[in-house]
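Basis for what follows: all heavy atoms, side chains included, without hydrogens, waters or symmetry-related copies. Ligands are counted one by one from 1 in listed order, and the atoms in each one are counted from 1 as well.
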Amino acid sequence: MAIGFIKKIFSFGKDAVDEKPAPPQEVSDAAPSSVPSGEQGESQAPVEEKRTAAEATEAGTDDRDVSLAPSTANTETTSDEAPAGTAPAADENTVKQDESVPHPISPLAGEMPGRAEESEPPSEHPTGADDVSAPSSVPSGHLPLNGGDHGETEATAENSGAPVEQAEALAGDADRRSDAGSDIEAELRTSSLPKGFAAADRRPKDETPAAQPKLNWYQRLRLGLARTSSQLTGQIASLFTKRKLDEATLQDLEDLLIQADLGVETAMRITDALASERYGKDVSGEDVSRIMAGEITKVLAPVAKPLELDLNHKPHVILVVGVNGTGKTTTIGKLAAKLSGAGLKVMMAAGDTFRAAAIEQLKIWAERTRSEIVSSKLGADAAGLAYEAFQRAREQKADVLIIDTAGRLQNKAELMAELEKIVRVLGKLDPDAPHTVLQTLDATTGQNALQQVEIFRNVAGVSGLIMTKLDGTARGGILVAISAKHKLPVYFIGVGEGVDDLEPFEAKDFAEAIAGVAAP
Ligand SMILES: Nc1nc2c(ncn2[C@@H]2O[C@H](COP(=O)(O)OP(=O)(O)OP(=O)(O)O)[C@@H](O)[C@H]2O)c(=O)[nH]1
């Protein structure tokens, strides 16, 4: 498929992906690790206590089961056991797509797997790790499934942290829709009662579930950044009340902008631009917001780029890295949905081998996005798994391989060294791999995100960013500081937990949302 086409896919807005659940078929086959000598047996752990499981695994690394789980209903998999110490031959795991069924990804459930907390500590799991259950075996109630219906995350003034008026304003028709829904519900309740009974609803009004406004991604972004922008615009408005623009006001403004995480460089850009336009004159809050949005757009426009895929690689390898909980696994699911929805063959590697729930979570995403997945035992060597997955993806001629990794704090040198090892090991199969190293950043993080990028970039060669959770109570300003400093491409933003809550990054939208410029 032409690269231009793929670029196009990533440049456009959301791909609508509908739900068409496929009965999952997972076939696991024991396969030996084929990690190059000297690389085997090390483990990575996102949290200290999880290392116990890793160390236990180090002793006998070859017992690691790597399972390939084709998740489409139309996949026929045959598998044999490969001899220990050898790489599986190309025909050992062949997957044939049933041509009779359209490939593009099926409609996805409105609710996608969110972060699942492990109910037991990893040390109680190691031996059962090869029994990582198939997606279908996970009762939906056991994993907290988040998100709204198809990207329509529900937000209220209460849960967004944004001003109540804004949520109310955004709610619009949602209330009316919800009223209609309540009527239907009441009718159903009544009709399901046996004869001789009548339905009553004596709940106090305030216990009745509140109407939930349904917002589109742009409204969620605005709402997510509303706290930052309203705080900033409020402070700016009071700063400029009855004051002409002078040195002292400019200095105060610069301080406010720095406090909003925008960084010294961008703060100075904004005050310089304001001074050159309005020095000695009256200035309104709107003037400042407009100039601020313009200057922030100038900083962000060069980094708002589509994620380029070179499909000549077969597969193009994307390694996803970042601090714990920044949204790596969820983002992988969203990316896979876009790619497989466009007809590309996607394989995932469950490289977060230290959190059982992370493996489960990725399996569910694989099932729902009809991607294949390579996973292994809990506590297994993540670099070995990545290597194995790369080989499998090549054998099966996958277009894209997306490798999940365990979250790690950037200041844990040992864990960062393990990440370095994953990159090194992939490079043994192809010196250019990983072809993309994506770092996820949580939008609720402030200054710490600058350091996260600095260190992950040095260690893993981060080549692009995705900022997640911009729908929550996001701060967001730090992305401006990071862009000014690192100039790394920002490909997408996460605006919810649902499968299509991943949007191409648009500099102007983001800048206006932060600066509090009125929505068009
Ligand atoms: N609101 C919102 N939640 C998100 C978004 N992206 C991810 N999440 C949620 O953030 C939580 C953590 O996401 P994960 O994908 O598990 O994060 P991770 O980086 O893989 O976590 P570790 O494996 O522990 O490092 C989950 O509850 C996700 O549903 C987003 O864009 N918006």
Backbone or side-chain N or O of [X] under 3.5 Å from ligand 1 N or O:
| X | result |
| --- | --- |
| D404 | no |
| T440 | no |
| G407 | yes |
| D471 | yes |
| G327 | yes |

Need the ligand 1 atom indices (1-based, order shown) with element for anything under 4.0 Å from a heavy-atom of [X].
| X | answer |
| --- | --- |
| K328 | 15 (O), 17 (O), 18 (P), 19 (O), 20 (O), 22 (P), 25 (O) |
| G325 | 12 (C), 17 (O), 18 (P), 19 (O), 21 (O), 22 (P), 24 (O), 25 (O) |
| V495 | 31 (O) |
| K469 | 2 (C), 3 (N), 4 (C), 5 (C), 8 (N), 10 (O), 30 (C), 31 (O), 32 (N) |
| N324 | 25 (O) |
| G494 | 31 (O) |

Indicate yes or no for a side-chain donor-acceptor contact from [X] to the backbone of [Y] under 3.5 Å, with no hydrogens or angles considered.
| X | Y | answer |
| --- | --- | --- |
| K328 | V323 | yes |
| K363 | S375 | no |
| T468 | T326 | yes |
| K469 | A474 | no |
| T445 | D442 | yes |

Legend entry - E503 vs L221, side-chain contact (heavy atoms from CB on, under 4.5 Å): CA-CA, chis, key distance, verdict: CA-CA 10 Å; E503 288 295 323; L221 171 68; over 6 Å; no

Legend entry - E512/K508 ion pair, N-O < 4.0 Å: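 Yes, this pair counts.
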
Legend entry - Candidate list T440, D404, D352, test side-chain hydrogen bond (donor to acceptor under 3.5 Å, both in side chains), partner T329, passing option: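 Option passing the side-chain hydrogen bond (donor to acceptor under 3.5 Å, both in side chains) with T329: D404.
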
Legend entry - Heavy-atom check, side chain of F505 versus side chain of L300, under 4.5 Å: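 Contact flag for F505/L300 side chains = yes.
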
Inset, instruction - Taking the side chain as every heavy atom from C-beta outward, state whether P434 and I403 have any atom pair closer than 4.5 Å. - result: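 Result no, sub-4.5 Å side-chain heavy-atom pair not found.
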
Is the contact between [X] and ligand 1 made by the side chain, the backbone, both, or neither, using heavy atoms and a 4.0 Å cut-off?
| X | result |
| --- | --- |
| L470 | neither |
| K334 | side chain |
| D352 | side chain |

Legend entry - The one among T331, T330, D501 that brings a heavy atom closest to atom 15 (O) of ligand 1: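 Looking at heavy atoms only, T330 sits closest to atom 15 (O) of ligand 1.
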
Inset, instruction - Decide whether the shortest distance between a heavy atom of Q361 and an atom of ligand 1 is less than 4.0 Å. - result: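 For ligand 1, residue contact (heavy atoms, under 4.0 Å) with Q361 is present.
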
Legend entry - Close approach, G322 and ligand 1, non-hydrogen under 4.0 angstrom: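 It does not; every heavy atom stays at 4.0 Å or beyond.
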
Inset, instruction - Starting at NE2 of H313, measure out to CG of L401 and round the result to the nearest 0.5 Å. - result: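 Result: 12.5 Å between the selected atoms.
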
